[in-house]
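Structure first, then comments.
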Number of protein chains: 2
Amino acid sequence: MSKFSPDSLAARLIAALPPSRVSRLRLDRGAAVFRQGDPASAVYVVEAGRVQLKRISADGAPLTLHVADAGESFAEASLSATHYHCDAIAETASVVLVLPKADLLTLMTTDPARGMAFTLAFASQVRDLRAKLELRNVRSAKERVLAWLRLRADGDPPSVLLNRSWTLIAEELGLTREAVYRALAMLERERRIGRRDGVISLQRPGRRSQHVSLRMR
Amino acid sequence: MSKFSPDSLAARLIAALPPSRVSRLRLDRGAAVFRQGDPASAVYVVEAGRVQLKRISADGAPLTLHVADAGESFAEASLSATHYHCDAIAETASVVLVLPKADLLTLMTTDPARGMAFTLAFASQVRDLRAKLELRNVRSAKERVLAWLRLRADGDPPSVLLNRSWTLIAEELGLTREAVYRALAMLERERRIGRRDGVISLQRPGRRSQHVSLRMR
DNA sequence: CGAAACGTTGACCGTTTTCAATTACAGTGG
DNA sequence: CCACTGTAATTGAAAACGGTCAACGTTTCG
């Protein structure tokens with residue numbers, strides 16, 4: 001029933017607590033969920049909108065640590081910290097679920113099986129983040145887009161169902177949307193991908209040649 | 001006594017098991033720790049060398065998911081998986097610690113407190129990875145280097161003690177070492193940082209002006 | 001004592017970012 | 001039902017920036 005992918009960290013955190021223990025926070029644009037230095041009291045999940053985690057660095061300049069989109073959790077590390085180390089500010093009007101730290105902690109000691117589920121959810125999150133990070137090591141925009149598609153492709157023929165706008169995907173890729181569109185256009189021209197409404201299909205490298213295009217002389 | 005920073009995920013995983021349960025694997029360059037499809041039996045920590053995690057994507061092309069350096073753990077998600085979803089190949093001759101999955105799992109159910117420690121360690125890892133990812137959203141090489149320094153600066157005046165070569169840091173930043181050296185040179189020229197042997201000090205933005213340099217007319 | 005890795009800087013070239021402009025929709029309030 | 005507004009999708013042109021190649025001094029280490 002949740003609008004989150006069921007095996008995401010956020011979904012598992014929510015599922016762990018009875019709904020009665022979870023409260024909802026409505027935030028105007030610019031409002032703070034918490035501030036650097038506040039006592040750490042909860043873990044959060046963005047239900048709608050977008051929340052920025054920022055901190056003032058030692059030299060006085062602001063530093064963005066993370067931007068949590070709808071469906072993502074943030075401030076999980078507050079479980080082990082006494083105080084928040086950054087500000088959490090709504091980038092747009094947002095709705096945030098509040099998962100009290102105390103409830104989560106007692107749950108973990110009370111119910112080891114559940115605690116284990118947590119650990120595993122975090123481990124998956126670590127795996128996913130590492131893959132996203134590795135993706136950024138691909139320098140060429142074209143190859144990076146292709147790698148992103150490969151990461152999510154399955155089926156035969158391998159294909160990806162898009163659930164977000166390319167504009168948003170471009171952000172995840174660390175490219176401008178223009179660069180992404182150009183990369184897609186080139187990949188399509190070279191017959192390395194196919195596009196039909198919201199589905200991208202990957203071409204097996206198969207036999208080489210074909211995408212040689214015209215060449216001089 | 002370990003050569004790992006004591007609160008890293010890798011260090012905590014190792015500390016959780018009695019040394020007798022941890023074995024050491026010596027790998028030549030190119031040797032595999034495990035292969036895609038093998039039954040998932042352990043979590044690993046790179047003691048020396050470097051291990052690549054790769055998978056063959058649906059369209060048949062190889063895809064790097066992560067590169068684990070010395071001091072880092074990998075394949076934590078094998079805790080919840082029955083089989084590995086990628087190959088783990090030594091990029092150089094390496095030594096890898098093997099932490100049996102079964103031991104870790106029983107430990108977690110046996111000793112809830114320890115299980116909680118795991119979860120917290122994973123949560124920290126998530127926080128760190130998110131910060132690294134966010135760093136990559138800084139487009140300009142100069143600003144990215146500066147942000148990296150801010151992330152690690154503390155003290156007054158804020159400064160960073162380097163423990164690795166800039167060549168390695170450049171990799172983490174997703175830049176070539178040349179780009180990093182140029183960025184450092186510019187930042188120093190603009191008086192935004194100072195360099196003395198292995199220590200970088202950050203200048204408080206203080207009063208503006210000064211770094212205006214000469215301009216035409 | 002050499003080889004290999006690190007540190008540094010210059011020049012050039014290719015790619016991406018930026019800036020701009022255009023089309024296509026989806027939702028909205030009258 | 002229709003202008004009206006905002007976002008998404010595209011593509012072009014120019015500028016900026018980082019990658020690559022090259023060259024060189026320095027340090028490290030077996």
Side-chain angles (χ1 to χ4, degrees), chain A residues 29 48-50 67 69-70 91-94 135-149 160-190 192-200 213 215-216, chain B residues 3 29 48-50 67 69-70 91-95 135-149 160-190 192-200 213 215-216:
Chain A
R29 177 167 186 288
R50 176 181 276 200
V67 178
D69 273 308
E91 186 180 310
T92 66
S94 304
L135 195 68
R136 298 292 187 105
N137 287 336
V138 178
R139 295 287 160 76
S140 148
K142 192 162 67 170
E143 293 307 317
R144 193 186 296 177
V145 169
L146 191 54
W148 184 86
L149 289 169
V160 182
L161 174 61
L162 302 174
N163 45 331
R164 287 179 290 171
S165 69
W166 280 112
T167 301
L168 248 22
I169 295 168
E171 273 184 53
E172 175 177 334
L173 285 168
L175 295 168
T176 58
R177 63 176 187 285
E178 292 96 324
V180 172
Y181 289 131
R182 277 191 262 270
L184 288 169
M186 296 184 70
L187 289 169
E188 197 169 17
R189 222 176 295 137
E190 295 171 2
R192 302 222 266 163
I193 65 172
R195 285 202 272 174
R196 304 181 55 78
D197 44 273
V199 179
I200 308 291
S213 71
R215 100 193 67 160
M216 307 287 176
Chain B
K3 48 195 123 357
R29 176 167 185 288
R50 176 182 278 201
V67 178
D69 273 307
E91 186 180 310
T92 67
S94 304
V95 181
L135 194 67
R136 298 290 188 106
N137 287 336
V138 179
R139 297 289 162 77
S140 146
K142 191 162 69 172
E143 293 307 318
R144 193 187 296 178
V145 169
L146 191 54
W148 184 87
L149 289 168
V160 181
L161 174 61
L162 302 174
N163 46 331
R164 286 179 290 171
S165 70
W166 281 112
T167 302
L168 249 22
I169 295 168
E171 270 185 56
E172 175 177 334
L173 285 168
L175 296 169
T176 59
R177 62 174 188 286
E178 292 97 322
V180 172
Y181 288 130
R182 276 190 268 269
L184 288 169
M186 296 183 70
L187 290 169
E188 198 169 16
R189 222 175 296 137
E190 296 171 3
R192 303 222 264 164
I193 66 171
R195 286 202 272 174
R196 305 181 54 79
D197 44 272
V199 179
I200 308 291
S213 71
R215 103 191 65 159
M216 308 286 177

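These numbers come from the heavy atoms of this one structure, side chains and all, not from hydrogens, waters or symmetry mates.
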Give the rounded distance in Å between these two atoms: [atom1] of [X] and [atom2] of [N].
X        : N      : atom1 : atom2 : value
A:Arg144 : C:dT15 : CZ    : P     : 15 Å
A:Glu178 : D:dA9  : CD    : P     : 12 Å
A:Glu143 : D:dG19 : CD    : P     : 16 Å
B:Leu168 : C:dA5  : CG    : P     : 12 Å
A:Ile169 : D:dA8  : CD1   : C1'   : 12 Å
B:Asp197 : C:dG7  : CG    : P     : 13 Å

With respect to the phosphate group of [N], does any side-chain polar atom (N or O) of [X] fall under 4.0 Å of OP1 or OP2?
X        : N     : answer
B:Tyr181 : C:dT9 : no
B:Thr167 : C:dG7 : yes
B:Ser165 : C:dC6 : yes

| Contact class for B:Arg139 (heavy atom, under 4.0 Å): base, sugar-phosphate, or nothing? | sugar-phosphate
Heavy atoms under 4.0 Å, any strand shown: does B:Thr176 hit a base, just sugar-phosphate, or nothing? base
With B:Tyr181 as partner, the option from B:Val145, B:Thr167, B:Leu175 fulfilling side chain to side chain contact (heavy atoms under 4.5 Å, CB included) is B:Thr167
(message) What I'd like to find out is whether the side chain of B:Arg139 reaches to under 4.5 Å of the side chain of B:Arg144, using heavy atoms alone.
(response) no
Check whether any side-chain heavy atom of A:Ile169 lies under 4.5 Å from a side-chain heavy atom of A:Leu162, and answer yes or no. yes
Assert: residue with more 5' nearest nucleotide on DNA chain D, out of A:Leu184 and B:Arg177, is A:Leu184
Would you say the side chain of B:Arg195 and the base of C:dT8 hold a donor-acceptor pair, judged only by whether the two atoms sit under 3.5 Å apart? no
dist A:Leu184:CG -> A:Leu149:CG (nearest 0.5 Å) comes out at 7.0 Å
